[in-house]
Structure formats: structure tokens, C-alpha cells
Asks: 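First the structure, then my questions, so here it is.
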Amino acid sequence: MKIKYLLLFLMFGVIACNTTKKEEPNINKGVITIAIDESIKPIMEAQINAHHIHYPGTKIITKYIPETKGINMLLNDSLTMACTTREFNENELAELKRRGIKYLPARMALDAVALVQSKANKDTTITLEELRRLFTDKESKIKLVFDRSNSSNLNVIMEKLKLKSINTENVFSADGNLEVIDYVKKSPNAIGFIGFNWISDTDDKQSQDLLNQINVVAVGESEQKGFYKINFKNLNQRRYPLERFVYLHTLTKAWGVENGFIRFCCSKTGQLVTEKMGLVPFYIIPKEFLLNTSPMKK
């Protein structure tokens, strides 16, 4: 008799397990993995930390890898989100079309590629044409240092300068944006290329310590049009010529942590985080000024 009761108990237990509903996606709870291009690590870390304060039931695991690899992992369903400095290219869009997925990238912020040099180098201006020659001139002694061999910073530069090929003997890769700064501060004959968000936060000690170790090069389309250093004002007025956007991508349609995080980054709170970091929010927050129109008392 006891055996019969035991069998019945086990049977009901199996039925209960099989009828348990799968937990629905929820913006307030869950764990996701995001691929993030290392050149935008500071701004994305700031957004993730702020998001966790508002949504403590969520956890975001980060993988800092080159953006093309991150997009490939997204397309291969190895993760559910990628943060990059570019939109999908033609081949990536073709894959989405083949799978019947509508492409809906989210622009979060306006960032830029900053050119940095040693403090010993006093020539702190360059035109786009001069920069173009450094990438193609085999006689040049200037080393051009990027964070990765397949750097998103390099991709931006090649696109802006309309370069089809470069003199690879002049171009070197480090191991991240911090390594670029460490290299150029010791090498007067080098120009480094980093994400502006690494040095943009005027209230952050680490960001300002990095900035104080280097000279930032002012860039101009030509001498006649003038040179512009990379800062919030020039970025906001679209004067600095090496700007780029920060994009958030997911192929997930459900309102889980992925789309909740994107909504947060593009909402007023997330855009304030972007502005605090010294970058330009893509969704500009309107500033309202309430004026007292009543007559002034004498």
C-alpha cells in the first residue's frame, strides 16, 4: 500500500513539473549577456550601473570584444545584445532579411574618435588631409596606434577619410584604449586613436587623470575652416569631424531585459547619464525655462 501511495505521489510530481509555465520575459528581472566594443566601455559601464540601480532584479554580463565579432555573435544567437559604433553592414542586413527580421537599431549617444599625443609633442593640430597622408605615406615616421587590430576606431577613421587601403607599416595595434594612452605618452612620434568617452567625463577622477597625461589633437577639415578640439560643446555643435554614434542592437522582440535596457538608455534617465559622461544624448532633453511674467515690484 505504501508503495502505491509513493507511486501516486511521484506521478503527481511529474505532472506538476510538466505543467509549470515558462517564465515570461520581464524588464525587471533576468540575466542577459551584452557584447560591447571596448572603445565605448566607459559610457556603457555607466549606463549598466545606472540601470541596475533602477532595476536591481536584473544582471547584465558584459563581453568586451570588437564590434564586428559582437554583431556576429548576435546573429549566431550566442548572445542577445550588442553595443557598437556602427550600424549593420550590407552582409549583416542581408542575413536579417533572410531570417525575416526587421532591423531596428537604437542610437543612444554621439561619441567621437579622439586623437592623442605625448605631452612632449607641441604640434597639436591636424587637418583631415594631413591625417590621410599619414595613413598612406610610406616615408612617414609617425606611428598611428589603435586599440585593436580590427578596431572600431580605425573603421571610423577609414570611413571618414574615405581610405580604401593604408600603409600597414605605419599602423600599430595596442591592447585596448588604455594601452594606447600608455604608449603615446612615452612616444613623441606617435598619434593614438581612442574613444572620446574614455576621457570625456569632467567629474570623473580616472577620466581626468588620463586626460592630464596626454595632449588632445585638434582636428579640422582644412586650415581655412579652423581646428576643433574634441569636447562636449564642439561635439554638440557637430563641429568636430571625427564623430560617431553609439548603437544598441537586439534581435529579441519580447519586452525582456534587453529591450528594457535599450528603453532605459534612450529615456530621460539614461540620456542624463550620457550627458553627465560628457557625450551628447541622441534624444536631446528639452530644457524648459519658466519665466515669471508678472510686473516686478518696486
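Here the structure is a predicted model, which means the values were calculated and not measured.
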Asks: Taking it one step at a time, do Asn212 and Asp209 satisfy side-chain hydrogen bond (donor to acceptor under 3.5 Å, both in side chains)?
Replies: CA-CA 5 Å; Asn212 290 332; Asp209 284 346; 4.7 Å; no
Asks: Hydrophobic clustering (ILVMFWY, side-chain heavy atoms < 4.5 Å, transitive) - are Leu104 and Leu248 grouped together?
Replies: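 Leu248 does not cluster with Leu104.
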Asks: Strictly distance-based, threshold 3.5 Å: is any side-chain N or O of Glu38 a donor or acceptor partner for the main-chain N or O of Arg148?
Replies: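 Checked: no pair found.
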Asks: For Gln47 and Thr274, test the side chains for any donor-to-acceptor distance below 3.5 angstrom and give the result as yes or no.
Replies: yes
Asks: Would a single hydrophobic cluster contain both Ile191 and Leu210, if residues Ile, Leu, Val, Met, Phe, Trp and Tyr are joined by side-chain heavy-atom contacts under 4.5 Å?
Replies: yes
Asks: May I ask whether Phe193 and Leu128 are part of the same hydrophobic cluster, defined by side-chain heavy atoms of I, L, V, M, F, W, Y residues being less than 4.5 angstrom apart, directly or through others?
Replies: yes
Asks: Going from CD1 on Ile36 to OG1 on Thr62, what distance comes out if it is rounded to the nearest 0.5 angstrom?
Replies: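 It is 5.5 Å, given to the nearest 0.5 Å.
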Asks: With Asp111 as reference, evaluate Arg86, Arg244, Lys41 under the salt bridge (Lys or Arg N to Asp or Glu O under 4.0 Å) test and give the passing residue.
Replies: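 The passing option is Arg244.
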Asks: Are the aromatic rings of Tyr228 and Tyr240 close, with centres under 6.0 Å apart?
Replies: no
Asks: Return yes if some donor-acceptor pair links the side-chain N/O of Asn170 with the main-chain N/O of Leu134 below 3.5 Å, else return no.
Replies: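 Side chain of Asn170 to backbone of Leu134, a donor-acceptor pair under 3.5 Å: yes, one is there.
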Asks: Only one of Ile194, Val219, Asn153 clears side chain to side chain contact (heavy atoms under 4.5 Å, CB included) with Leu115; which?
Replies: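 One option only clears the test, and that one is Val219.
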Asks: Would you say Glu130 has more than 12 foreign heavy atoms packed within less than 6.0 Å of its CD?
Replies: yes
Asks: Taking all heavy atoms of Ile60 and all of His51, pick out the closest pair and write down the distance.
Replies: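 Closest pair (atom of Ile60, atom of His51, distance): CD1-ND1, 4.0 Å.
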Asks: Flag yes if more than 12 heavy atoms outside Lys160 fall under 6.0 Å of its NZ atom; otherwise flag no.
Replies: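 Atom NZ in Lys160 is packed in, count exceeds 12.
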Asks: Hey, mind stepping through Ser152 and Asp37 against side-chain hydrogen bond (donor to acceptor under 3.5 Å, both in side chains) and telling me if it holds?
Replies: CA-CA 8 Å; Ser152 63; Asp37 190 88; 2.8 Å; yes
Asks: Looking only at heavy atoms, which two atoms of Leu79 and Thr33 are closest? And how far apart?
Replies: CB-O, 3.7 Å
Asks: Can you list the steps and then say if Leu251 with Leu74 is a side chain to side chain contact (heavy atoms under 4.5 Å, CB included)?
Replies: CA-CA 8 Å; Leu251 307 183; Leu74 181 63; 4.0 Å; yes
Asks: Return yes when atom CD of Glu87 has more than 12 non-hydrogen atoms of other residues, nucleotides or ligands closer than 6.0 Å, and no otherwise.
Replies: yes
Asks: Counting only heavy atoms not in Lys119, do more than 12 sit closer than 6.0 Å to its NZ atom?
Replies: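 Enclosed: over 12 neighbouring heavy atoms sit under 6.0 Å from NZ of Lys119.
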Asks: Could you walk me through whether Asn26 and Asn28 satisfy the side-chain hydrogen bond (donor to acceptor under 3.5 Å, both in side chains) test, starting with their C-alpha distance in whole Å, then the side-chain angles of each, then the deciding distance to 0.1 Å, before giving a yes or no?
Replies: CA-CA 5 Å; Asn26 191 326; Asn28 299 301; 3.3 Å; yes
Asks: Quick one: do Val180 and Leu242 end up in the same hydrophobic cluster if we chain Ile, Leu, Val, Met, Phe, Trp and Tyr together by side-chain heavy atoms under 4.5 Å apart?
Replies: yes
Asks: Test question: given the 4.5 Å side-chain rule for I, L, V, M, F, W and Y, name all other residues clustered with Phe172, or answer none.
Replies: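 Hydrophobic cluster check, Phe172: no partners found.
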Asks: Does NZ belonging to Lys276 count more than 12 external heavy atoms closer than 6.0 Å?
Replies: yes
Asks: Let's go through Lys138 and Glu169 carefully: what are the C-alpha distance in whole Å and the side-chain angles of both, what is the deciding distance for salt bridge (Lys or Arg N to Asp or Glu O under 4.0 Å) to 0.1 Å, and is it a yes or a no?
Replies: CA-CA 8 Å; Lys138 293 184 178 181; Glu169 293 182 6; over 6 Å; no
Asks: CZ/Phe146 to CG/Leu154 distance, rounded to the nearest 0.5 angstrom?
Replies: 4.5 Å
Asks: I need the Met81 CE to Glu258 CD distance, nearest 0.5 Å.
Replies: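 One finds 7.5 Å between CE of Met81 and CD of Glu258.
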Asks: Counting only heavy atoms not in Glu139, do more than 12 fall under 6.0 Å of its CD?
Replies: no
Asks: How far does CD1 of Ile65 sit from CD1 of Ile34, to the nearest 0.5 angstrom?
Replies: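 That separation rounds to 11.5 Å.
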Asks: Nearest 0.5 angstrom please: Leu144 CG to Asn167 CG, how far?
Replies: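 Nearest 0.5 Å value for the CG-CG distance: 9.0 Å.
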Asks: When rounded to the nearest 0.5 angstrom, what distance separates CG in Asn234 from CZ in Arg239?
Replies: 6.0 Å
Asks: Parallel, tilted or perpendicular: which describes the rings of His249 and Tyr103, with under 30° parallel and over 60° perpendicular?
Replies: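 It falls in the parallel class, under 30°.
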Asks: I'd like to know whether Val113 forms a side chain to side chain contact (heavy atoms under 4.5 Å, CB included) with Phe196, so could you lay out the CA-CA distance, the side-chain angles of the two residues, the decisive distance to 0.1 Å, and finally the verdict.
Replies: CA-CA 6 Å; Val113 177; Phe196 174 52; over 6 Å; no
Asks: Which pair of heavy atoms, one from Ala190 and one from Val184, lies closest together, and at what distance?
Replies: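 That would be CB-CG1, 4.2 Å.
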Asks: Of the options Phe282, Tyr283, Phe261, which is the one that meets Cys266 in a side chain to side chain contact (heavy atoms under 4.5 Å, CB included)?
Replies: Tyr283
Asks: Yes or no on side-chain hydrogen bond (donor to acceptor under 3.5 Å, both in side chains) for Gln117 and Thr124, after CA distance, side-chain angles and deciding distance?
Replies: CA-CA 8 Å; Gln117 289 182 324; Thr124 55; over 6 Å; no
